[in-house]
Amino acid sequence: ILDNLKRQVVLEVRDDAQSIDRWLATQKAEVLTLANSPLTRTRDWAVIKPYFLQEVSRQKEAYQLVFAKPDGSYYGTNFDRAKANARDRQ
């Protein structure tokens with residue numbers, strides 16, 4: 001009985017790991033799509049924000065989306081421009 005239980009647990013863990021891998025692959029594809037959008041590539045938050053708000057409402061798993069500029073400033077669909085700067089984060 002114990003061996004059967006162990007096998008069942010191992011199979012469940014493998015199934016769950018595969019589900020997580022698929023979810024992560026989907027999220028990566030979503031991020032790449034957002035990043036490569038002509039709207040996002042403008043780097044203009046006034047243009048990007050309406051697009052991101054639409055995506056947040058469309059995606060079930062998105063709580064908010066954030067756009068960071070090379071200078072470390074960043075904007076979010078829940079807060080516009082952040083007071084903090086992400087330049088020093090690794």
Side-chain angles (χ1 to χ4, degrees):
I1 293 176
L2 188 57
D3 286 338
N4 286 337
L5 185 59
K6 285 179 184 179
R7 275 189 226 110
Q8 183 179 354
V9 169
V10 168
L11 289 174
E12 286 181 28
V13 168
R14 285 182 185 157
D15 286 346
D16 289 346
Q18 289 174 351
S19 293
I20 292 169
D21 286 345
R22 284 190 300 273
W23 182 84
L24 286 171
T26 300
Q27 300 312 305
K28 181 180 176 181
E30 290 282 348
V31 168
L32 288 172
T33 299
L34 289 169
N36 289 313
S37 162
L39 297 172
T40 305
R41 294 177 69 80
T42 67
R43 296 184 179 183
D44 181 350
W45 181 242
V47 173
I48 297 167
K49 184 178 180 180
Y51 171 54
F52 275 19
L53 286 170
Q54 182 181 16
E55 288 300 305
V56 167
S57 66
R58 183 184 69 79
Q59 296 179 14
K60 295 176 185 174
E61 287 138 351
Y63 168 71
Q64 77 169 324
L65 292 171
V66 176
F67 174 76
K69 290 190 169 188
D71 68 0
S73 62
Y74 60 100
Y75 304 78
T77 52
N78 292 350
F79 56 81
D80 282 329
R81 185 176 178 146
K83 294 177 183 175
N85 189 289
R87 183 187 334 217
D88 61 345
R89 298 184 188 174
Q90 296 181 4

**OP:** Just jot down the ring pair (Phe, Tyr, Trp, His ring centres under 6.0 Å) partners of Phe52, sequence neighbours excluded, or say none.
**Re:** none
Original post:
With a 4.5 Å limit on heavy-atom distance, are the side chains of Phe79 and Gln64 in contact?
Top reply: yes
**OP:** Treating Ile, Leu, Val, Met, Phe, Trp and Tyr as nodes and any side-chain heavy-atom pair under 4.5 angstrom as an edge, say whether Val56 and Val47 lie in one connected cluster.
**Re:** yes
**OP:** Please list, chain by chain and in numerical order, all residues satisfying side chain to side chain donor-acceptor pair (under 3.5 Å) with Asn4, sequence neighbours excluded.
**Re:** Arg7
Subject >> From CG (Asn78) to CG (Leu65), nearest 0.5 Å >> reply: 9.0 Å
Considering only distance and modelled atom types, tabulate donor-acceptor pairs under 3.5 Å from the side chains of residues 12-21, sequence neighbours left out.
{"from": "Glu12", "atom 1": "OE2", "to": "Gln8", "atom 2": "NE2", "distance (Å)": "3.3"}
{"from": "Ser19", "atom 1": "OG", "to": "Asp15", "atom 2": "O", "distance (Å)": "3.1"}
{"from": "Ser19", "atom 1": "OG", "to": "Arg22", "atom 2": "NH2", "distance (Å)": "3.2"}

Original post:
Would you say Trp45 and Asp80 make side-chain contact, with heavy atoms under 4.5 Å?
Top reply: yes
Subject >> Gln27 atom CD: more than 12 heavy-atom contacts under 6.0 Å >> reply: yes
**OP:** Share the residues that join Leu2 in a hydrophobic cluster, the rule being Ile, Leu, Val, Met, Phe, Trp or Tyr side chains under 4.5 Å apart at the heavy-atom level.
**Re:** none
**OP:** State, with a plain yes or no, whether a side-chain heavy atom of Thr77 is found less than 4.5 Å away from one of Glu55.
**Re:** no
Original post:
Does any non-hydrogen side-chain atom of Tyr51 lie less than 4.5 Å from one of Thr40?
Top reply: yes
Can you give me every donor-acceptor pair (side chain of residues 29-37, partner residue at least two apart or in another chain, under 3.5 Å) with its distance?
{"from": "Glu30", "atom 1": "OE1", "to": "Arg58", "atom 2": "NH2", "distance (Å)": "3.2"}
{"from": "Glu30", "atom 1": "OE1", "to": "Gln59", "atom 2": "NE2", "distance (Å)": "3.0"}
{"from": "Thr33", "atom 1": "OG1", "to": "Ala29", "atom 2": "O", "distance (Å)": "2.9"}
{"from": "Asn36", "atom 1": "ND2", "to": "Leu32", "atom 2": "O", "distance (Å)": "3.0"}
{"from": "Ser37", "atom 1": "OG", "to": "Leu39", "atom 2": "N", "distance (Å)": "3.1"}

Original post:
Are any non-hydrogen side-chain atoms of Tyr74 and Asn85 less than 4.5 angstrom apart?
Top reply: no
Subject >> Qualifying residues under side chain to side chain donor-acceptor pair (under 3.5 Å), relative to Arg43, sequence neighbours excluded >> reply: none
